[in-house]
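Since the structure is predicted, the reported quantities are computational estimates derived from the model, not experimental observations.
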Amino acid sequence: MVIGTHNGTFHCDEALAVYMLRLTSVYRDAEIKRTRDPKLLDTCDIVVDVGAVYDESKQRFDHHQRGFEEVFGHGFATKLSSAGLIYKHFGKEIIANQLQLAQDDSKVDSLWLKLYREFIEGIDGIDNGVSQYPNDIQPKYRNRTDLSSRVGWLNPAWNEPFDSQTVDAQFAKASQLTGEEFLNRLNYYGRSWLPARDLVLAGLSQRTSVDPSGRIVLFEQFTSWKEHLFELEEALTVPAFAKPFYILYPDETGGNWRIQAVPVSPESFESRKALPEPWRGVRDDDLSRVTGIEGGIFVHASGFIGGNKTKEGALKMAQKALEM
């Protein structure tokens with residue numbers, strides 16, 4: 001089997017597209033042919049990012065042709081690059097293979113959408129020149145550390161050799177770079193992020209046993225909760241008056257407990273109900289005196305998080321904060 005893509009300067013999208021294809025059962029051992037010669041491309045089994053054709057039945061996946069406006073769907077509106085095209089058509093197989101799941105497992109669907117949102121869509125947007133922000137907003141700093149930029153730096157500079165052997169070798173490095181990051185992200189979402197959802201669902205469902213108000217969620221182990229909490233609240237149609245204000249969980253390393261205020265949205269720095277103002281910026285014994293609760297460690301100056309030496313102390317802090 002042979003995967004065809006264009007020669008010359010390379011970009012993140014086709015570097016990743018090629019790597020992803022080699023994660024499929026059909027193209028696992030395929031060779032790479034980098035050329036713009038139509039006759040040579042016609043000899044390839046699949047072609048990405050070149051050829052001016054998008055036709056799944058012919059295994060042609062270019063996005064540069066006039067009139068191409070394909071998007072991922074499912075609420076996403078960013079035009080696809082070759083990475084997005086390959087992921088759209090082969091992503092579920094890749095996810096299922098890597099995590100040893102059946103393709104029709106609902107987890108595969110969840111991860112397919114999650115990984116597009118968090119990883120692939122940004123590559124599509126950058127390659128197609130889709131700005132993240134309205135043009136009238138001036139960025140406060142430049143960011144050239146994203147994956148697309150790092151791939152770009154692997155192209156030879158203007159005063160370095162640009163023969164096909166050199167560029168092809170650099171393309172192989174770029175493809176490996178993008179593929180390793182893709183797999184790392186997939187493994188995180190599949191083996192850590194998704195299992196956390198079950199823990200958050202259990203905590204959300206059992207919160208009235210922690211406190212009758214339903215405003216306090218307790219996790220017996222630390223987990224990534226924030227994004228899942230908001231999604232589950234929506235899925236379970238939790239009314240505003242019953243949404244939790246505080247999350248309690250053990251510190252990952254110190255053996256202490258944390259009380260964290262739930263933000264108004266996953267990306268917000270504003271809390272639904274910050275910890276009381278008199279507690280903010282106070283530490284240790286002074287905090288215990290102010291709260292009237294033993295074991296105080298700290299409360300952040302903004303009131304979004306605090307700590308106590310015990311689970312019981314953290315719970316008392318949350319309950320008292322509800323009353324203030």
Side-chain angles (χ1 to χ4, degrees), residues 2-24 27 30-38 40-41 44 46-54 59-72 76-91 94 115-132 139 142-186:
V2 179
I3 301 170
T5 190
H6 62 81
N7 58 359
T9 299
F10 50 81
H11 303 96
C12 187
D13 69 314
E14 80 268 16
L16 178 57
V18 166
Y19 192 96
M20 288 192 292
L21 283 172
R22 285 174 148 175
L23 296 175
T24 66
Y27 297 109
E31 298 178 7
I32 308 300
K33 183 176 291 185
R34 300 186 73 238
T35 180
R36 292 186 183 275
D37 186 332
L40 291 177
L41 291 172
C44 298
I46 188 169
V47 176
V48 299
D49 210 46
V50 67
V53 174
Y54 167 47
Q59 295 290 271
R60 296 298 185 262
F61 297 93
D62 195 15
H63 67 109
H64 296 99
Q65 58 272 26
R66 184 181 180 88
F68 178 89
E69 296 294 339
E70 186 77 8
V71 298
F72 195 73
F76 298 100
T78 302
K79 187 165 74 170
L80 299 179
S81 68
S82 63
L85 282 171
I86 294 303
Y87 184 76
K88 182 174 183 176
H89 290 280
F90 295 91
I94 292 167
L115 199 55
Y116 183 76
R117 178 187 300 277
E118 303 293 345
F119 190 81
I120 303 290
E121 186 179 22
I123 296 171
D124 286 343
I126 290 171
D127 194 78
N128 284 305
V130 180
S131 178
Q132 267 188 298
R142 299 184 68 180
N143 179 15
R144 294 294 182 268
T145 60
D146 59 274
L147 183 57
S148 294
S149 295
R150 285 183 281 129
V151 167
W153 287 109
L154 289 174
N155 282 283
W158 67 271
N159 54 354
E160 294 178 336
F162 208 84
D163 59 279
S164 60
Q165 184 175 359
T166 298
V167 180
D168 286 355
Q170 290 300 105
F171 175 80
K173 292 180 182 179
S175 188
Q176 185 70 22
L177 171 67
T178 60
E180 287 178 354
E181 293 212 10
F182 171 80
L183 288 178
N184 286 340
R185 196 68 65 88
L186 171 57

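- A donor-acceptor pair under 3.5 Å is formed between the side chain of S175 and the backbone N or O of A15.
- For the pair L23 and F182, the minimum side-chain heavy-atom distance is below 4.5 Å.
- Between Y87 and Y116, the angle of the ring planes stays under 30°, which puts this pair in the parallel group of the 30/60° scheme.
- We find the CZ-OG1 distance between R117 and T78 to be 10.5 Å, quoted to the nearest 0.5 Å.
- Contact of the V167 side chain with the R34 side chain is registered, since non-hydrogen atoms from C-beta on lie closer than 4.5 Å.
- Applying the 6.0 Å contact sphere to CD of Q165 captures no more than 12 heavy atoms from other residues, nucleotides or ligands.
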In residues 151-159, what donor-acceptor pairs under 3.5 Å come from side-chain atoms, sequence neighbours left out?
unit_1: N155; atom_1: OD1; unit_2: F10; atom_2: N; d: 3.0
unit_1: N155; atom_1: ND2; unit_2: F10; atom_2: O; d: 3.0
unit_1: N155; atom_1: ND2; unit_2: G152; atom_2: O; d: 3.3

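- For the atom pair SG (C44) and CD1 (I3), the distance works out to 9.0 Å, reported to the nearest 0.5 Å.
- Considering only heavy atoms from C-beta on, Y19 comes within 4.5 Å of L183 through its side chain.
- Here the shortest heavy-atom pairing between L21 and Y27 reads O-CB, 3.3 Å.
- Separating the CG atom in L85 from the CZ atom in F72 is a distance of 10.5 Å, to the nearest 0.5 Å.
- H11 and D127 share no donor-acceptor pair across their side chains, judged by distance under 3.5 Å alone.
- Side-chain atoms of D62 and H64 form a donor-acceptor pair, as typed in the model, at a separation below 3.5 Å.
- A donor-acceptor pair is defined here as one N or O able to donate and one able to accept, closer than 3.5 Å; such a pair exists between the side chain of R185 and the backbone of E118.
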Could you walk me through whether L16 and F119 pass the side-chain contact (heavy atoms from CB on, under 4.5 Å) check? CA-CA 11 Å; L16 178 57; F119 190 81; 3.8 Å; yes
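- Under the 3.5 Å distance criterion, with hydrogens and angles disregarded, no donor-acceptor pair is assigned to the side chains of T35 and D37.
- F68 has its side chain out of reach of N128: every pair of non-hydrogen atoms, C-beta onward, lies at least 4.5 Å apart.
- Heavy-atom minimum distance, L147 versus C12: CG-SG, 3.8 Å.
- Using a 3.5 Å distance cut-off with no hydrogens or angles, the side chains of K173 and Q176 do not pair a donor with an acceptor.
- Nearest approach of D13 to A83, heavy atoms of both residues: O-CB, 3.5 Å.
- Between V47 and L41, the shortest heavy-atom distance links the atoms CG2-O, 3.6 Å.
- For R60 and Y54, the positive end is not near the middle of the six-membered ring at less than 6.0 Å and at most 45° from its axis.
- Side chains of E31 and K33 form no contact here, defined as non-hydrogen atoms less than 4.5 Å apart.
- T5 and E14 share no donor-acceptor pair across their side chains, judged by distance under 3.5 Å alone.
- Partner of E70 under the side-chain hydrogen bond (donor to acceptor under 3.5 Å, both in side chains) criterion, out of H63, K79, K88: K88 alone.
- For the pair I94 and M20, the tightest heavy-atom approach, listed with the atom from each and the gap, is CD1-O, 3.3 Å.
- Partners of R150 according to the salt bridge (charged side-chain N to carboxylate O under 4.0 Å, His left out) rule, which considers only residues two or more places apart in sequence or in another chain, are E181.
- Across every non-hydrogen atom of S149 and D146, the tightest pair is OG-OD1, 2.8 Å.
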